[in-house]
Amino acid sequence: MSVDYLLHESPVGYAVFKVIHQPDTIGNRLKEVQAAVQDLDKFGKTVELVGLSPFQGTQDALQEINDISEGIMSDFLRATLETNLPKAGKKKSIVLGVSEKNLAGSIRAAFPNLSCETGETNQVVADLLRGLRMHREKLVKKVQPGDMDRSILGLGHAYSRSKVKFNVNKHDNHII
Amino acid sequence: MLKTRSKVIVEAHRHAGVFVGRGKEDLLLTKNLTPGESVYGEKRISISNTATGVNGEDAPATTTEYRVWNPFRSKLAAAILGGVDDIYIKPGSKVLYLGAASGTSVSHVADIVGPEGTVYAVEFSHRSGRDLINMATHRTNVIPIVEDARHPLKYRMLLPMVDVIFADVAQPDQARIVGYNASQFLKVGGGVLISIKANCIDSTAAPEAVFAAEVQKLRELGIKPKEQLTLEPFERDHAIVAGIYQRSS
């Protein structure tokens, strides 16, 4: 089964990519195929950015990562998909590649004529999503170099602080 | 702070970013990313740089501070002293560190990768996670992730592709955990370092048999083992396995 679009959840926002060149399903365990995913020149011809919906600040991003980690589709993600995916006709349904199966389920429930493939069900999707993670700073041209890293730093702290039950300002004293 | 130990001479180790202090006894060191601060009460050594500036003028006196890395507390330090061939972690590397605990070893890895590199430190325990977050506030190249390493997709928004995975999770299914994380985040050709505690996998089997079985599991997950090293005399029945992620079969 071929995949038409891909969803990538980056720390700066949601990005939807169109697959313009369908990769082969046969031979994706070969060394050459794996090497092609790593090569930006080759991978850049496979996918094309349709749209990026940036998060509005840290609070927003924290809300989204909490939803994403639980496999919930937020309203913001719903709006992103509505604007960036074409309206599917009755005959042809669109296949969207998603990272995780719970999120895929949430998306499918909201978009009836959309089918989802995850990295677990489809090896091609897994490789494409790896490629997006690898080359996203080059593929998403709006993002300045270093923006991703800074967002990850802020978001990592915010997410982890919200997870920890204890008062994060207290220290344990190490005894050697 | 060791002020009186002026006799210590610091040499670069074979592994980039790691140093050796030659003194009364040899010490494993990393260059302190936050000079003036200890993370867990470890000792620090200051070395003054006496390089002469241009035109023969005296260059401003600078010091470099190193932190002592205890092999009894860090499996990676034990592996380095045991003579591991390649740690894959070097200045500028992006490292996914599974089982970060309080972040004591992580702080040394952060020293090695330096300001150009990043350590993504995953720890599930809340109490350890709190100390990890506190350590990371002073080191901006550490990303604390308080989450279960069994479910890497939960923290997928916080990770780029990484160069190395270091795992010290001490779980029976640790090979699967590492393989799953590698399939999501590790570059093809990236390094894998796994600390294996035989007791944690199977306490009834012989340690050698446990290590061999784990290595076989890694092979099936697309990780080509390169080296297996015991951590004696620092840890009992522990081994470090180093390998390369190939993904292709």
S.K.: Below 4.5 Å from any heavy atom of chain A, which atoms of B/Phe124 appear? Answer side chain, backbone, both or neither.
M.R.: neither
S.K.: Using every non-hydrogen atom in the two residues, find where A/Leu153 and B/Val142 come nearest and quote the distance to one decimal.
M.R.: CD1-O, 3.8 Å
S.K.: If every non-hydrogen atom of A/Ser160 is compared with every non-hydrogen atom of B/Pro144, which pair is closest and at what distance?
M.R.: OG-O, 2.6 Å
S.K.: Given that the side chain runs from C-beta out, which part of A/Glu70 has a heavy atom under 4.5 Å from chain B: side chain, backbone, both or neither?
M.R.: side chain
S.K.: Under a 4.5 Å heavy-atom cut-off, does chain B meet the side chain of A/Leu103, its backbone, both or neither?
M.R.: side chain
S.K.: Tell me whether B/Arg156 contacts the main-chain N or O of A/Ser69 through its side chain, where contact means a donor paired with an acceptor under 3.5 Å.
M.R.: no
S.K.: Around B/Lys217, counting heavy atoms of other residues, nucleotides and ligands shown, do more than 12 lie under 6.0 Å from its NZ?
M.R.: yes
S.K.: Considering only heavy atoms, which portion of A/Glu9 lies under 4.5 Å from any heavy atom of chain B: side chain, backbone, both, or neither?
M.R.: both
S.K.: Quick one: NZ on B/Lys187 to CE on A/Met134, what's the gap to the nearest 0.5 Å?
M.R.: 4.5 Å
S.K.: Report the option among A/Pro11, A/Ala35, A/Ser162 that has the most heavy-atom pairs separated by less than 4.5 Å from atoms of chain B.
M.R.: A/Pro11
S.K.: For the residue pair B/Met157 and A/Ser10, what are the closest heavy atoms and their distance?
M.R.: CE-O, 3.6 Å
S.K.: Which bit of B/Ser125 comes within less than 4.5 Å of chain A, counting heavy atoms only: side chain, backbone, both or neither?
M.R.: neither
S.K.: List the atom of A/Arg133, the atom of B/Met161, and the distance in Å for their closest heavy-atom pair.
M.R.: CD-SD, 3.6 Å
S.K.: Can you tell which part of B/Leu186 gets under 4.5 Å to a heavy atom of chain A, answering side chain, backbone, both or neither?
M.R.: backbone
S.K.: Considering only heavy atoms and a distance below 4.5 Å, find which of A/Glu100, A/Arg136, A/Arg130 pairs most often with chain B.
M.R.: A/Arg130
S.K.: Against chain B, label A/Ala126 side chain, backbone, both or neither, depending on which of its atoms sit under 4.5 Å from a heavy atom there.
M.R.: both
S.K.: Using a cut-off of under 4.5 Å on heavy-atom pairs, state which of B/Asn141, B/Thr118, B/Leu159, B/Ile145 scores highest against chain A.
M.R.: B/Leu159
S.K.: May I ask you to decide if B/Ile133's main-chain N or O and A/Arg161's side chain share a donor-acceptor pair within less than 3.5 Å?
M.R.: no
S.K.: Between chain A and each of B/Gly129, B/Ser183, B/Gly222, count heavy-atom pairs under 4.5 Å; write down the option with the most.
M.R.: B/Ser183
S.K.: Take atom NZ of B/Lys154 as the centre, draw a 6.0 Å sphere, and report whether it contains more than 12 heavy atoms from other residues, nucleotides or ligands.
M.R.: yes
S.K.: Roughly how far apart are A/Asp149 CG and B/Lys94 NZ, rounded to 0.5 Å?
M.R.: 4.5 Å
S.K.: Could you tell me if the side chain of A/Tyr159 sits less than 4.5 Å from the side chain of B/Glu147, heavy atoms only?
M.R.: yes
S.K.: Is it the side chain or the backbone of B/Tyr120 that comes within 4.5 Å of chain A heavy atoms, both, or neither?
M.R.: side chain
S.K.: Which one, B/Leu132, B/Leu153, B/Val188, leads in non-hydrogen pairs under 4.5 Å with chain A?
M.R.: B/Val188
S.K.: Heavy-atom distances under 4.5 Å only: say whether B/Thr140 touches chain A with side chain, backbone, both or neither.
M.R.: both
S.K.: Nearest 0.5 Å please: distance from the OG atom of A/Ser99 over to the CD atom of B/Gln184.
M.R.: 7.0 Å
S.K.: May I ask you to decide if B/Arg247's main-chain N or O and A/Gln34's side chain share a donor-acceptor pair within less than 3.5 Å?
M.R.: no
